[in-house]
Amino acid sequence: MNRPKHALSTLIAALTKSPRGLTAIRQLAELQKQVPSLYGLLSVNACALAATHYALAPAILTLGIPAVVISLCLIRGVHWLRLRPETLSEAQAVHHLRRTTVLTIFFSIVFVVWAMVLTGFGGPYEQGHAAIFVAVTVIACIFCLTHLPVAAFLVTGIVMSVFLFCCVTSGNKVFLAIAANTAFVTVVMVRTLNTNYRAFVDLVASQAVASRLSEENARLAQTDSLTGLPNRRYFFQKLDEAIRSPSEAGAPFALAIFDLDRFKPINDTYGHNVGDRVLAEAGRRLAEFASADVVVTRLGGDEFGVILRASEGAAAALAFCDGICTALQQPTRIGDIRVVTGCSGGLALSCKATRDADALFDRADYALYHSKEQRRGATTLFSQEHKDAIHAEQAVETALRTADLAAEMVLHYQPILDTETGRIAFVEGLARWTSPSLGQVGPDRFIAAAERCGMIHTVTLLLLRKALADGARLPPETGLSFNLSAHDLASPETVLAILAAVQGSGFDPRRLTLELTETALMRDFDHAKAAITALRSLGIKIALDDFGTGYSSLGYVHRLPLDKIKIDRSFMVDINTDRGCSLISTILDLCRNLGLDGIVEGIETQAQLDVARRHGSRYVQGYHIGRPMPLAALLQRMDHDAGAVRRRA
């Protein structure tokens, strides 16, 4: 008993299988537009046929059977109207299609047998109505079941087989003609149905291909080609989702930014191919930290972004990020080259006050900057202290934008002593700013603020012109040193303006020294070298400031046209130790071998001055030599020193 049923279900499953990847969900969606109309049409036609035979046939045929069948049609019609194909899985949709096919067989058998039984009652008009009922049923099923051809074919086959059999066996020439005509129309309509269905299949298949291509393009648009990690666009998309999604509104998460330390020298030393392979390896290591709760991306350059759940608190998130730093600090071997990059991170936790992607990113970026400056190789968590510092920086920026810079900014000068002659050989101009609203603002704060808000070029040129005007009052044998920002050196317009200011001042360019930090050179070495060459062509001297604090100073020394090296004050802390003495002596020997003037900074005691002299340091600078002072005080000091020298002579 089970075999026929199993065979029928197997046949239906094979016939309803979606060809060419056609999804059952799409079929259901299209059928939903037509099937309720089909059930309505069948119900109306059944009522009409029952009405014409009401007085001629038994009540069971004109009332009982139509009532049951029409009720079933209405129930199925309502079911289709309430169906939501988009909420179904593929398997559920296939199940619906198979059930629809089975019910189609049931309804087609019931309707055609009922109609053929009614032909035995009444005259030619009633028999003609029954024939029309069968034809209309076939036509309606073919049109309304276009997207389920197996059901349409089964209905057509069942109804037409019974109808043609009855017509042929009747022996009536009119019924034979009706049968032939109906069969011909049915064949044409079946061919049309088949053609339309194939077009539907091809359309859905092409849409599927287009959808896959669109998804692939979207994936590629959100993927970094070098590392294979999601890119900056994907990062901010996920960040926005985490912030704005209602389900995540109360769920804590964290944003972390990681930056490779010592990466630029790898590019400069070994080339960009090696640098790219280092980044690819960093991406591979980072990908190992990705999970359902951790999104890992490359933001650009050697910077990576991570979004992670922080349900276990700040300490756990910080430990996780430190683990990333540790992983990225492991040596990387590329062929015969072994390179080691550090990694620093900045971490910011979401909170009600930071339900904004840019604000949260800025907090993590600020924490990263703090790590770079004070905690290299570790992750810094953005704290209230950092928030206060940001507010203070914003206050400086605001005051700077509204300041009368010419009136509020002045220069103090710190002497640089020539130990051989006992005279002040150079003076270094150091900016001072007294804000009406903030009071005294340190140069480290307002220079950084000027760089952030784009005013550094204005500040530099203003202070340089003041320094050149003051320099005209110095003794002719005394040189003038002035510090340039990294942003100044990177701007061709600012370099040209500096050259014009020096030429227009009347100050001898050969007496002017411009001091550059290693940071200024690292921003863009080629531009820095071109700028230095242009400045030296006018006779201006170039000094590398804070030498020894960076990790590649020697590389810059031999590749740049320098005149002086200023040895960082940190070396003076250990000047009384053998190691400290050796370092100072080695750097001074390097300066002599390269024909550069070596200037030791940070001389704060007589003992340090004596040691520096013993190791051959001719030029020294520090609080023991003289603190920064206004020009008038400096000139008075220089007159006093000159008088003392004359008296000794």
Side-chain angles (χ1 to χ4, degrees), residues 5-46 69-70 72-112 134-163 182 185-208:
K5 182 178 180 181
H6 177 72
L8 178 61
S9 62
T10 302
L11 174 63
I12 292 173
L15 290 173
T16 56
K17 186 177 180 181
S18 301
R20 301 186 188 180
L22 177 63
T23 66
I25 296 174
R26 286 295 303 275
Q27 285 180 280
L28 276 181
E30 296 299 325
L31 286 170
Q32 188 185 32
K33 303 173 184 177
Q34 309 297 338
V35 171
S37 299
L38 173 61
Y39 280 121
L41 183 147
L42 291 175
S43 298
V44 171
N45 286 350
V69 176
I70 290 172
L72 293 175
C73 286
L74 293 176
I75 291 172
R76 290 297 300 169
V78 171
H79 168 78
W80 274 94
L81 288 173
R82 297 176 62 182
L83 186 66
R84 294 293 179 265
E86 67 276 4
T87 65
L88 302 178
S89 66
E90 185 76 12
Q92 290 173 325
V94 170
H95 175 72
H96 274 278
L97 292 177
R98 291 175 180 173
R99 185 168 60 183
T100 299
T101 304
V102 171
L103 289 173
T104 299
I105 296 172
F106 167 75
F107 280 112
S108 61
I109 293 174
V110 170
F111 275 115
V112 73
V134 172
V136 169
T137 298
V138 171
I139 293 171
C141 289
I142 289 175
F143 276 115
C144 294
L145 296 174
T146 298
H147 297 95
L148 188 59
V150 60
F153 293 154
L154 286 172
V155 170
T156 302
I158 293 171
V159 174
M160 289 306 300
S161 296
V162 175
F163 178 68
T182 304
V185 172
T186 301
V187 170
V188 173
M189 294 182 65
V190 167
R191 290 193 60 186
T192 303
L193 178 149
N194 189 55
T195 301
N196 290 341
Y197 181 69
R198 289 184 180 278
F200 170 71
V201 170
D202 292 341
L203 175 62
V204 173
S206 65
Q207 288 176 342

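For clarity, every value in this text was computed on a predicted model and none was experimentally measured.
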- For Leu88 against His96, the heavy-atom pair lying closest together: CD1-CD2, 3.7 Å
- Which residues satisfy the ring-ring contact (aromatic ring centres under 6.0 Å, His included) test with His95, sequence neighbours excluded? none
- If every non-hydrogen atom of Pro85 is compared with every non-hydrogen atom of Ile25, which pair is closest and at what distance? O-CG2, 3.5 Å
- Where Cys73 and Ser43 come nearest, the two heavy atoms and their spacing: CB-OG, 3.4 Å
- Item | From His147 atom NE2 to Leu28 atom CG, the distance as rounded to the nearest 0.5 Å | 12.0 Å
- Just how far is it from atom CG of Leu42 to atom CG of Leu72, taken to the nearest 0.5 Å? 12.0 Å
- How close do Thr87 and Gln92 get, heavy atom to heavy atom, and via which atoms? O-OE1, 4.4 Å
- Interatomic distance, CG@Leu31 vs CG@Leu97, rounded to 0.5 Å, equals 6.5 Å
- Message: So, using side chain to side chain contact (heavy atoms under 4.5 Å, CB included) as the criterion, who are the partners of Val78 when residues are at least two apart?
- Response: Arg82
- Task: Start with the C-alpha distance between Val94 and Arg98, add both sets of side-chain angles, then the distance that settles side chain to side chain contact (heavy atoms under 4.5 Å, CB included), and finish with yes or no.
- Result: CA-CA 6 Å; Val94 170; Arg98 291 175 180 173; 3.5 Å; yes
- So CG of Leu148 and OG1 of Thr101: to nearest 0.5 Å the spacing works out to 4.0 Å
- Which atom pair, heavy atoms only, marks the closest approach of Lys33 to Ser37? O-OG, 4.3 Å
- Rounded to the nearest 0.5 Å, how far does CG of Leu154 lie from OG of Ser108? 7.5 Å
- Task: Test side chain to side chain contact (heavy atoms under 4.5 Å, CB included) on Gln34 and Leu145 and set out the steps.
- Result: CA-CA 7 Å; Gln34 309 297 338; Leu145 296 174; over 6 Å; no
- Message: Nearest 0.5 Å, please: how far is OG1 in Thr100 from NE2 in His79?
- Response: 6.5 Å
- Query: What closest approach, in Å, do Tyr39 and Gly77 show between heavy atoms, and which atom pair accounts for it?
  - Reply: CD1-N, 3.9 Å
